[in-house]
Amino acid sequence: MRDRFDVVIAGAGPAGGQCARDLAERNYDVLVLETESEEGFPRQSNKSTAGTFPSAMTAFAIPDEVVMQYTDKVVLESPNDHYTRTQTGAVLEFAEFKQFLVEDSKELGATYRFDSRVSAPIMEDGEIVGVRYDGDREVYADIVIDATGPAAPLAKELDVCNLEREHQAIGIEYEFENVAVNHDGYADLRDAMMLRLDHDLAPGGYSWIFHTGEDTAKVGLCYIQNGSHHKYAKEGMGIDDYLEYWLDSDPRFADAERIGGTQAHRGSAHIQPPKSMSTDNFMAIGDTVPTIDPLWGEGIHKGMKSARAAAATVDAALTPDEPQTDADTLSVYDQLWHRDVAPKHNARLMMTELLYLAPNERYDELMDDLRETDSDTLEQINRGDRRAILELTHLSDLSLLAKYAKRRLSR
């Protein structure tokens, strides 16, 4: 007898866990396959800055118990300036957050199998009908969901999404104590999430300090393998080297020490437009189809919103007496993704690319621009509002826009 479920989800990250949570609440028979062991889940290194905002906390009923620190402002830094915006946020304890999603979905009826690495789809008549995991083990489902992030073993095999992976983002982070979060000459980072744009520290990317209470903080950086990274990168330096360079050169870290027992938290994503996100009997969610806010990043909320959109699509597909799981039916997920998860995605992607193409001196000017605009401008930019983007554009940016256009045409 076949091992069978209504839905099989590959990956127990925020997207996979939330999708299982939503589906189990609707009484679907859902199985989650997770590579890591249950005892060690999630691995110390498999973590995130985990900064999010009240909209995510409320929409997904995230409990206070998984919050390390509530923050009341967001700070953007450039090499010689900064801009502070009042905005409530939350820095999550990422491991506990992921564990909460697993336990909550289990209580609702979801099944989890840990130590279960998904390797390939099971195909019949050209359609996916299940997955292989742990070598030769098989499980079947009406609908299969890939929530494995950049690995994407199912989406790659099915040629779903845009998986050429031209612009990979690579990040590293540690948790520190004895961080001078209110150092003279710098922004006050008490109860703040800070993002710094500075090619000297993170060529083609950004760095961050997220206050987690007292004198502790999550400190990390990320760069995207884009034109700016190739232009500004220091020869022979990798992601670990850049973080050490920042720690050595910034006086806020003069007395900082890594919190005992913590390892590096590493991650990756890809900054690119999706081709599609679904096909017959299949959907891809979370960082398998990554989206990013131009200025905030904030991928956790987007991943969970994609999970919710996929769960709603499953519900519509499996509710009828004769379930419809063909590509046309599941394409509702693509529509929901573009409407609710990443509206105006092309404009948001354009702003993201332009931001990291800009030189350091333009980042200093950006801080002045933000002080002179409406306080909602950043939020409008993150929503892909082209008029808000134009508010921050100068005549001197024409060469930057021309460079961007040339890169786009070359693709």
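Small disclaimer: the values here were computed from a predicted structure and weren't measured. For the single chain, residues carry numbers from 1 onward in sequence order.
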_Test item: Phe100 and Glu65 side chains (from C-beta on) under 4.5 Å apart, heavy atoms_ = no
_Pairwise side-chain contact, Leu197 with Leu76, heavy-atom cut-off 4.5 Å (strictly under)_ = no
*Do the rings of Phe253 and Trp246 sit parallel, tilted or perpendicular, given the 30° and 60° boundaries?*
perpendicular
*Is the side chain of Asp134 donor-acceptor paired with the backbone N or O of Arg117 at a distance under 3.5 Å, no angle test?*
yes
*Taking Thr71 for the side chain and Asp191 for the main chain, is one N or O donor matched with an acceptor at less than 3.5 Å?*
no
*For the pair Phe210 and Trp208, name the ring-plane relationship: parallel under 30°, tilted 30 to 60°, perpendicular over 60°.*
tilted
*So do the side chains of Asn281 and Val144 get within less than 4.5 Å of each other, counting heavy atoms only?*
no
*asked:* Is a donor from one side chain sitting under 3.5 angstrom from an acceptor on the other, for Asp328 and Ser331?
replied: no
*Where do His211 and Val91 land on the side-chain contact (heavy atoms from CB on, under 4.5 Å) test, with the steps shown first?*
CA-CA 8 Å; His211 188 210; Val91 183; over 6 Å; no
*Contact summary for Ala155 and Asp146, nearest pair of heavy atoms*: N-OD2, 3.1 Å
*Aromatic plane relationship, Tyr174 with Phe176 - under 30° parallel, 30 to 60° tilted, over 60° perpendicular*: perpendicular
*Without swapping roles, check the side chain of Ser306 against the backbone of Gly286 for a donor-acceptor pair under 3.5 Å.*
yes
*Using the ring of each side chain (for Trp, its six-membered ring), is His199 parallel, tilted or perpendicular to Tyr363, with breaks at 30° and 60°?*
tilted
*asked:* Between Asp200 and Lys234, is the salt bridge (Lys or Arg N to Asp or Glu O under 4.0 Å) condition met? List the steps.
replied: CA-CA 9 Å; Asp200 183 49; Lys234 298 175 178 62; 2.9 Å; yes
*For Tyr242 and Ser207, does a side-chain donor sit closer than 3.5 Å to a side-chain acceptor?*
no
*Is there a donor-acceptor pair closer than 3.5 Å between any side-chain N or O of Ser37 and the backbone N or O of Gly40?*
yes
*Give the minimum heavy-atom separation between Asp22 and Ala311, together with the two atoms involved.*
CB-CB, 3.6 Å
*Side chains of Leu366 and Leu355 in contact at under 4.5 Å (non-hydrogen atoms)*: yes
*Check: Thr58 side chain, Ser55 main-chain N or O, donor-acceptor pair, under 3.5 Å*: no
*Are Phe114 and Glu39 side-chain neighbours, meaning at least one heavy-atom pair lies under 4.5 Å?*
no
*asked:* Other residues, nucleotides and ligands only: do more than 12 of their heavy atoms fall within 6.0 Å of CD on Glu214?
replied: no
*Going through the distances and angles, do Asn360 and Asp198 end up as a side-chain contact (heavy atoms from CB on, under 4.5 Å)?*
CA-CA 6 Å; Asn360 272 0; Asp198 186 342; 3.2 Å; yes
*Before giving the answer on side-chain contact (heavy atoms from CB on, under 4.5 Å), spell out for His265 and Glu175 the whole-Å C-alpha distance, their side-chain angles and the decisive distance to 0.1 Å.*
CA-CA 9 Å; His265 311 154; Glu175 293 177 33; 3.2 Å; yes
*Keeping the roles fixed (side chain from Gln99, backbone from Phe41), state whether a donor-acceptor pair exists under 3.5 Å.*
yes
*asked:* In the structure I gave you, are the side-chain heavy atoms of Ile224 and His229 within less than 4.5 Å of one another anywhere?
replied: no
*Using atom types as modelled and distance alone, determine if a side-chain donor or acceptor of Asp6 lies under 3.5 Å from a backbone N or O of Val30.*
no
*Give a yes or no on whether a salt bridge exists between Asp81 and Arg371, defined as a side-chain N under 4.0 angstrom from a carboxylate O.*
yes
_Tell me whether the count of non-hydrogen atoms from other residues, nucleotides or ligands lying under 6.0 Å of CG in Asp255 goes above 12._
no
_For Ser278, all residues meeting side-chain hydrogen bond (donor to acceptor under 3.5 Å, both in side chains), sequence neighbours excluded_ = Asp334
*asked:* Looking at Leu370, is its backbone amide N or carbonyl O close enough to the side chain of Arg85 to form a donor-acceptor pair, meaning the two atoms are under 3.5 Å apart?
replied: no
*Counting heavy atoms not belonging to Arg113, are there more than 12 under 6.0 Å from its CZ?*
yes
*asked:* Between Tyr83 and Asp369, does the side-chain hydrogen bond (donor to acceptor under 3.5 Å, both in side chains) criterion hold? Intermediate values first, please.
replied: CA-CA 10 Å; Tyr83 167 80; Asp369 295 340; over 6 Å; no
*asked:* Working note: Leu201 + Ser249, criterion side-chain contact (heavy atoms from CB on, under 4.5 Å); need CA distance, chi angles, decisive distance, verdict.
replied: CA-CA 9 Å; Leu201 304 176; Ser249 59; 4.1 Å; yes
*Is the backbone of Ala342 close enough, under 3.5 Å, to the side chain of Lys302 for a donor and an acceptor to pair up by distance?*
no
*Quick one: do Arg132 and Glu157 make a salt bridge, cutoff under 4.0 Å?*
no
_Side-chain touch Gln69/Lys218, heavy atoms, less than 4.5 angstrom_ = no
*Minimum heavy-atom separation for Leu154 to Pro121, with atom names?*
CD2-N, 3.5 Å
*Output all residues satisfying side-chain hydrogen bond (donor to acceptor under 3.5 Å, both in side chains) with Asp72, sequence neighbours left out; order by chain, then residue number.*
none
*Should Tyr223 and Ser228 count as side-chain neighbours, where that means a heavy-atom distance under 4.5 Å?*
no
